Amino acid sequence: MTIRTILPFGDELLRKKAKPADGITPRIEKLLDDMAETLYATDGRAGLAAPQIGILRRVIVMDCGDGLIELVNPEILEMKGEQVGAEACLSFPGYAGIVKRANEITITTLNRQGETETIHAEGFLARCIQHEIDHLDGILFIDHVHGATLYHEENGDKISIHQVRKIAGPAPSNR
């Protein structure tokens with residue numbers, strides 16, 4: 001396994017739409033392993049999407065506190081309710097903003113064995129899955145931030161969302 005470099009906001013690959021994985025191949029298994037190692041080697045982590053390490057495939061790893069979750073070609077089937085809360089990103093470490101997301105979601109995904117699974121998630125897990133699926137579509141959490149600023153999670157410093165969007169580039173028009 002290899003720890004991969006996480007791309008920072010401003011890298012154009014973060015704004016590109018990822019292509020579906022062609023099933024569970026040895027290459028996808030290696031990608032899942034590398035992504036898990038990268039995730040666990042990073043402070044403040046909850047999830048990592050393949051585009052964040054420069055691979056434009058629809059692959060996600062996450063651990064929201066209950067162990068590793070691997071998602072290959074995930075698709076959101078249903079969204080319900082609403083939650084508003086702080087959200088951050090490994091590609092823009094240290095900063096967070098207030099984002100509104102669905103409180104409950106149902107997705108379909110391939111697991112490591114190549115089987116289709118349906119997953120229902122609520123609360124923080126639902127938030128994380130939505131954040132990571134957005135990455136697969138070139139959408140960043142800053143595209144959803146309410147208010148005009150992001151704040152630094154440790155010292156409270158603020159940065160204008162407009163400055164961050166200039167660095168990150170425009171949201172994709174194919175939403």
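Below, all heavy atoms of this structure are taken into account, side chains as well, without hydrogens, waters or symmetry copies. In this text the structure is predicted, and so the values were computed from the model without any measurement. By convention here, the first residue in the shown sequence is residue 1.
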Donor-acceptor pairs under 3.5 Å, side chain of residues 66-79 to any protein atom, not counting sequence neighbours: which ones?
| residue | atom | partner | partner atom | Å |
| --- | --- | --- | --- | --- |
| Glu70 | OE1 | Arg112 | NE | 3.1 |
| Glu70 | OE2 | Arg112 | NE | 3.4 |
| Glu70 | OE2 | Arg112 | NH2 | 2.9 |
| Asn73 | OD1 | Ala21 | N | 2.7 |
| Asn73 | ND2 | Ala21 | O | 3.0 |

Taking side chain as C-beta onward, heavy atoms only, is Leu150 less than 4.5 Å from Val164?
-> yes
Output the distance between atom CD1 (Ile55) and atom CZ (Arg57), rounded to the nearest 0.5 Å.
-> 8.5 Å
Okay, side chain of Glu87, backbone of Val99: is any donor-acceptor separation there less than 3.5 Å?
-> no
Report all side-chain donor-acceptor pairs from residues 39-51 shorter than 3.5 Å, counting only partners two or more places apart or in another chain.
| residue | atom | partner | partner atom | Å |
| --- | --- | --- | --- | --- |
| Tyr40 | OH | Asp63 | OD2 | 2.6 |
| Thr42 | OG1 | Thr38 | O | 2.6 |

Hey, does the side chain of Asp143 reach the backbone of Leu140 with a donor-acceptor pair shorter than 3.5 angstrom?
-> yes
May I ask you to decide if Ser160's main-chain N or O and Gln163's side chain share a donor-acceptor pair within less than 3.5 Å?
-> yes
Parallel, tilted or perpendicular: ring planes of Tyr95 versus Phe92, cut at 30 and 60 degrees = tilted
Ignoring hydrogens and angles, tell me if any N or O in the side chain of Gln130 forms a donor-acceptor pair with the backbone of Ala126 under 3.5 Å.
-> yes
hydrophobic_cluster_shared for Ile24 and Leu31, side chain cutoff 4.5 Å = yes
Tell me who clusters with Phe124, hydrophobic residues only, linked when side chains sit under 4.5 Å apart either directly or through other members.
-> none
Could you walk me through whether Phe9 and Ile142 pass side-chain contact (heavy atoms from CB on, under 4.5 Å), step by step?
-> CA-CA 10 Å; Phe9 272 27; Ile142 60 165; 3.6 Å; yes
Rounded to the nearest 0.5 Å, what separation is found between the CD1 atom of Ile3 and the CD atom of Glu37?
-> 4.5 Å
Does Ile167 share a hydrophobic cluster with Leu14, counting links as ILVMFWY side-chain heavy atoms below 4.5 Å and allowing steps through other members?
-> yes
Could you pull out all residues at least two apart from Glu154 that satisfy side-chain contact (heavy atoms from CB on, under 4.5 Å)?
-> His152
Just by distance, do the side chain of Ser91 and the backbone of Leu7 share a donor-acceptor pair under 3.5 Å?
-> yes
Donor-acceptor pair, Glu117 side chain versus Leu110 backbone, under 3.5 Å?
-> no
Residues two or more places apart in sequence or in another chain: which of them pass ring-ring contact (aromatic ring centres under 6.0 Å, His included) with Tyr151?
-> none
Once you round to the nearest 0.5 Å, how far does CD1 of Ile159 lie from CG of Asp157?
-> 9.5 Å
From NZ (Lys19) to CZ (Arg58), nearest 0.5 Å | 12.5 Å
Shared ILVMFWY cluster between Ile119 and Leu136, side chains joined below 4.5 angstrom?
-> yes
Could you pull out all residues at least two apart from Asp134 that satisfy side-chain contact (heavy atoms from CB on, under 4.5 Å)?
-> Arg101, Ile139, His144
